[in-house]
Every structure is written in C-alpha cells, then in structure tokens.
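Every value quoted in this text rests on a predicted model; they were computed, and no experiment measured them. Just so it is clear: chains get the letters A, B, ... in the order the sequence lines come, proteins before strands, and each one is counted from 1.
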Amino acid sequence: MPEKNELMEKVVSLCKRRGFIFPSSEIYGGIGGFWDYGPLGAELKRNVREAWWQDMVQGHDDTTPPPGMPSPYAMVGIETSIVMHPQVWKASGHYDLFQDLLIDCRRCKARFRADQLAASQCPEKPSKRPGEHTTCDLTPPREFNLMFKTYVGALVDPESEAYLRPETAQGMFVNFRNVLATARVKLPFGIAQIGKSFRNEIAPRYFTYRSREFEQMEIEFFCHPEESRLWYEYWRDRRFRWYVSLGLSEERLRLREHSPEELSHYSCGTADVEYAFPFLPEGEFGELEGIAHRGDFDLRSHMEGKLVRRGDELVVETGPDGKPRHPGSGKDLSYFDEETKGRLIPHVIEPSAGVDRSLLAFICEAYAEDAVPDESGVPQPRVVLKLHPRLAPVKAAVFPLIRRDGMPETALEIYRELKRVWNVAYDDRGSIGRRYRRQDESGTPFCITVDGQTQEDGTVTVRDRDTTVQERVPIVELMAYLRERLAM
RNA sequence: GCGGGUAUAGCUCAAUGGUAGAGCCCUGGCCUUCCAAGCCAGAAACGCGGGUUCGAUUCCCGCUACCCGCUCCA
C-alpha cells in the first residue's frame, strides 16, 4: 500500500479520473469549499444515505427491540426546509455565535472577540490587554459570519434577511409538536433527517472533508430525562458499529468521549466517531459523527428563548430591558406522560453524521493496490476499491468474453434482467482483463462473463472483485446468487 | 484569516521568450476464448486577468483553486 500522503493524492486522483468527485464549477476555476459528485460519486453517495436510512429509519422495528436496545422506540423521518424562520437561529444560539466581530493579532496569531477585548489578555504579555504590548499588531475588527446569509423575497432589506441552515437538527426540534401530533409516537422516539447544510468555514481543507456545503444524516432522539444516559450510550455504541458494518476497520476508527472542558455549554456528554484519514498526521483522527447528549436544551430554547449557562443551570439570556435577548416560540413543547399524568421536557440524544465525510472515509478505506497474475503468471499491479457491496456504485458488470458467437446477445439479456433490480454495467470493449480492471477501480463487486461454455450449459462465470476468483453459476440462479452476496 | 508551495491533455509527467511532447486513459476499426495483449486511425492541455516584449505557457504583478504548516471548528 502507498504511504499516507501519497495515498490521499491517489485517492483524489482516482476520484477525478473515474468520476466520483470533481471541484465545483471547475471550468471557471473552481470555488473553494464546494465539490460536485460525478456519475459514480452520486451513486455512492445515494448508497451511503440509503444504508443509513434503511438501518436507522425504514428498517427499524419499533415492536421488538434487538439485544442491547433499552426499550422499543419509534423512528420517523422528516425533510425540512433549508431556509427557516430567522428566529430559529437566534433562539438556538447559532446567530450570536456566528456573528462575532473578531480581531486577529498578526504577530502572535491570537484571535479575540471585539466585544471582549477589554477582558482579554495579550498571550505574549498577559499583564496587558491585546494591542497594549509593544509587539502587538492587531487587525481592525472584522465580521465573521459563519452562516450563509440570504434574503427572502425579492426586496433586499434587513427585514428579509434569512440564513441557509448550518445544521438540519433545528428542523426536527421545531417540528417536535407536529410529529407528536401526527405520527402517533410516544417517548422514546426519534426523528431522522438527511439534508444539506451550509457553513462558511474559515478554512475549507482536506478535499471534501471540510466543505462549505455538506450533507448531514441526523437523528434527534427524544426520551425521558431519567433514561437519557442509557440512550446516549446506546446510540454512541450503535453508531460506532454502523461504520464497522460498512467496512471501516476498527484500527482506523475511534470512539472518543469529550472531556468535561470540551463539552458544549448545554451538553452533558458527547462522543465523536473518528476516522484516521490519510491526510491527517499520524495518530490524528477526524470526526465522522458526533453523538451528543443535549439534555432539554433545544426544546427549552425554542420554548423560552436563547439559553446561557449560569452555574449549573441554563437560563434565558436577557437583554438590557430584562426581556429575553432572543425569545423562543412561546409554544409549549413539553410532553404529557400518560403513565405519570405529568408533563416533562424530553431529553435529546443527537447522533449527527456527515454524509460526505463518511463517503470519503469509505473511499479511503476501500482504496487498495495489489497484484493479480497475468496470463503468464507474472503479478501485475492493480488498483481496486474494496467498497462494501451495499455501497458499491455499480453492483455487477456483464461482459461477453468476445464480441461474436452470440455472446454479446446473451450478455445483454443478462444485463437487462439485472438492470431491473440493480445498477449494473455492460462492457464489451477491450480485452477481458482490462474490463475487469476498469470495474475494480469503480469498486464493482462482481463481474459476470458470458463465454463459450454458456451456450452449452447455460452457465456464466462470476468473478469476485477482491479475490479475483471465478466460479460458474447457472444464469437462472444469477439473481439469487447476487441477492445473497450483495446483502440486499 | 496568516505564512510557504504548486498550477501544462481525463490522469501522471516533460520541454520551451518564437503558440507544446510522452505514457496511461478515452473513441472508432481490425484482431481477440478469462485478468491492464497487438496493429491502424483519432480526440484531447499551457487556471483566470493584467504588465513587460515585435512576440509570454515561459519573466513580473494581481486573482482563483489546490497542497503543507498555523489559526478556527457552534
């Protein structure tokens, strides 16, 4: 296998060459932090999303919990708008955190909030404030706005300002009552969503890893406060195993609990699922998903208004007039518990995963270089994407060994039959060896070849991507053969 | 956002102050009975904008993108 740095270059090159990922707007020079998915990338990405939706939502059995699940629960999916009422982001706390005026020191590289400059220290001379030490070289206050701003309606004025969502999560919180009222769910239950989010990252970096437009797969799981710790641990462990089940090796994966200092002001427990991406220094990991215990922070925020921590409590932040600085909806988002006949504000466990980051990890993990013996038995190098069959963009390719003697006709019949169920490819160009290699680079798990024997006994060869081993399979059994091995 | 580097074909690279070559890939044809075969033909590039110059892909400046450090990451 190639060395780490080299590996990433090869992965990026393969992504471009085979049509997985392109720079956005490339013919105009590209635009930083945005990427396009090509024909194979779009299929791969759909498969990542669908694997998640299948495993977390559609395939969830709310009547019989498997071992390890604290209790049965319901799971429903929603899809909410990217542009939401601006008050959502004020109550959630995003607005204030994103609107900072910041001052940088060109010398010591420190960064200060403009409104807190008087309370800050110069890192090189802690007895003085930034700018007071002789070597300080401060920039003017500059506005950092990490949320994309837009205008609703054609009229451009401050009244019509809105934002592209920086996370999908708020869509679930603001629809908590709607789901409760319509989906016949009771605690505990989860709301799931997959969708695009946008953050004006200061430094997009590492290929698609830190993009300004990205896609999230998020669950907001609502439960009784006294059960929330149990559910937090359940989701943390389950989400880790999900990545393993789709092929990420446990050696490159890590489940990391945040230290108390690292926790957000509202969180009483957060763990990240992290992957040792090849572009990171040895020993460092990058986040794929965060599983956060958010307590009742979100529902309370949307009831009462933006919350801040005071001691051990979260209280509504007030303005100079004593009223909430950023009021909530004022709607009652509490839950009526039929058993205790009392109302409570559910706690929330939030497994929040990145589609693009997972996809990148799956590709990095799958990239392999090995050797396959040629017709003389001499090992020849090959590049192969050993993607999990559920993720592979193309599930199988069908070839006629040669372009005559009825082989193309038979191969096309098989191709059309399989095409009704899976994304399959047909290829009759070039030597058979080259066609196998092409599919290897695309990550296609199986290649089906019609040869001279097919006419005699109705069998074809099926070649396994990872082992290159072939076996003869009757055409009539192909569908069942693939169904079993594609695990779908 | 700061500092450094890079930018030539889809990919990997080369050459050049007088408008660019190769390998792989790709397309068409011939040939081909299982792991990158061969032959013929073909398509395809100097990131963008200025400046210097008779002439710039080449030298200079700016921009953009990517890479490497730092910073940031609700």
Side-chain angles (χ1 to χ4, degrees), chain A residues 5 8-10 12-19 22-35 38 89 92-100 102-111 137 139 142 144 146-147 166-167 169-170 197 199-207 209-210 262-267 270 279 281 286-287 290 292 352 370-384 399-405 407 428-441 447-455 460-465 467-470 472:
Chain A
N5 320 338
M8 199 56 210
E9 282 175 29
K10 289 185 172 186
V12 173
S13 172
L14 176 71
C15 282
K16 180 76 188 294
R17 180 157 39 89
R18 292 255 89 118
F22 308 122
S24 171
S25 318
E26 194 183 11
I27 61 170
Y28 286 103
I31 173 165
F34 298 91
W35 299 88
W89 308 111
S92 71
H94 289 85
Y95 178 84
D96 286 342
L97 277 158
F98 278 32
Q99 289 280 115
D100 287 342
L102 296 177
I103 293 170
D104 289 307
C105 179
R106 297 188 185 94
R107 176 178 177 81
C108 65
K109 309 297 184 194
R111 173 166 289 167
D137 183 11
T139 63
R142 290 177 295 190
F144 278 69
L146 268 57
M147 279 197 292
E167 60 172 36
Q170 300 304 324
S197 294
R199 298 181 190 181
N200 246 325
E201 292 289 349
I202 293 171
R205 188 64 75 88
Y206 300 139
F207 199 30
Y209 180 79
R210 189 176 298 166
E262 200 181 349
L263 291 176
S264 311
H265 60 288
Y266 48 77
S267 180
T270 296
F279 49 74
E287 180 184 345
S352 170
D370 60 13
V372 174
D374 64 14
E375 49 196 343
S376 324
V378 182
Q380 298 293 338
R382 96 173 158 149
V383 170
V384 53
F399 309 145
L401 184 57
I402 56 169
R403 263 192 289 185
R404 59 162 202 244
D405 302 341
M407 292 182 204
D428 61 7
R429 289 171 303 193
S431 74
I432 190 70
R434 176 162 300 283
R435 281 178 270 165
Y436 285 145
R437 298 303 178 85
R438 267 200 285 262
Q439 296 301 326
D440 288 341
E441 280 203 345
C447 290
I448 297 156
T449 302
V450 172
D451 60 11
Q453 195 180 324
T454 304
Q455 279 173 311
V460 292
T461 63
V462 180
R463 178 254 198 194
D464 180 88
R465 175 195 65 197
T467 62
T468 75
V469 170
Q470 290 173 280
R472 294 209 74 89

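Below the 3.5 angstrom threshold, one finds no donor paired with an acceptor across the side chain of A/Tyr206 and the base of B/rC67. Taking only distance into account, the side chain of A/Thr461 meets the base of B/rC34 through a donor-acceptor pair shorter than 3.5 Å. The base of B/rC34 sits with one of its N or O atoms less than 3.5 Å from a complementary donor or acceptor on the side chain of A/Gln470. Side-chain atoms of A/Arg18 and base atoms of B/rC25 include no donor and acceptor less than 3.5 Å apart.
Taking side-chain N and O atoms only, A/Arg404 has a distance below 4.0 Å to OP1 or OP2 of B/rU32. Side-chain N/O atoms of A/Ser13 include none lying less than 4.0 angstrom from OP1 or OP2 on B/rC11. The side chain of A/Arg435 contributes no N or O atom lying less than 4.0 Å from OP1 or OP2 of B/rA36. In this model, the phosphate group of B/rG10 is not approached by any side-chain N or O of A/Lys16 to a distance below 4.0 Å at OP1 or OP2. Side-chain nitrogen and oxygen atoms of A/Arg438 include none within less than 4.0 Å of the OP1 or OP2 phosphate oxygen of B/rA36. In this structure, A/Arg403 does not reach the B/rC31 phosphate: none of its side-chain N or O atoms is under 4.0 Å from OP1 or OP2.
Of the residues near RNA chain B, A/Pro373 and A/Pro204, the one whose nearest nucleotide (by heavy atom distance) lies more toward the 5' end is A/Pro373. For the pair A/Pro381 and A/Gly33, both in contact range of RNA chain B, the more 5′-proximal nearest nucleotide belongs to A/Pro381.
Interatomic distance, OG1 of A/Thr449 versus CZ of A/Arg463, reported as 8.5 Å (0.5 Å rounding).
As the counterpart of B/rC63, B/rG47 is assigned, both hydrogen-bonding distances of the Watson-Crick or G-U wobble pattern falling under 3.5 Å. For B/rU58, there is no paired base (Watson-Crick or G-U wobble, both distances below 3.5 Å). Across all strands shown, B/rC2 forms a Watson-Crick or G-U wobble pair with B/rG69, both key distances being under 3.5 Å. Taking a pair to require two hydrogen-bonding distances under 3.5 Å in either a Watson-Crick or a G-U wobble arrangement, B/rC13 pairs with B/rG21. The partner of B/rG28, taking Watson-Crick or G-U wobble pairs whose two distances both stay under 3.5 Å, is B/rC40.
Salt-bridge check for A/Asp370 with A/Arg382: passed, with a basic side-chain N closer than 4.0 Å to an acidic carboxylate O.
Here B/rA36 presents its C1' atom at 12 Å from CD1 of A/Ile432, a figure rounded to the nearest Å. In this structure, A/Glu26 places its CD atom 12 Å from P of B/rC48, rounding to the nearest Å.
In this structure a side-chain-to-backbone donor-acceptor pair under 3.5 Å is missing from A/Glu441 to A/Arg17. Counting only distance, with no hydrogens or angles, the side chain of A/Tyr436 and the backbone of A/Ser431 share no donor-acceptor pair below 3.5 Å.
Looking at the side chain of A/Arg205, the nearest of the listed nucleotides B/rC70, B/rC35, B/rG10 is B/rC70. Among B/rA36, B/rC35, B/rU33, the nucleotide with an atom closest to any side-chain atom of A/Asp405 is B/rU33.
None of A/Thr461, A/Ile432, A/Val450 except one satisfies the side-chain contact (heavy atoms from CB on, under 4.5 Å) rule with A/Leu401; the exception is A/Ile432.
Here A/Arg463 lies in heavy-atom contact (under 4.0 Å) with a base.
In this structure, the ring of A/Phe279 has its center no less than 6.0 angstrom from the ring center of A/Phe207.
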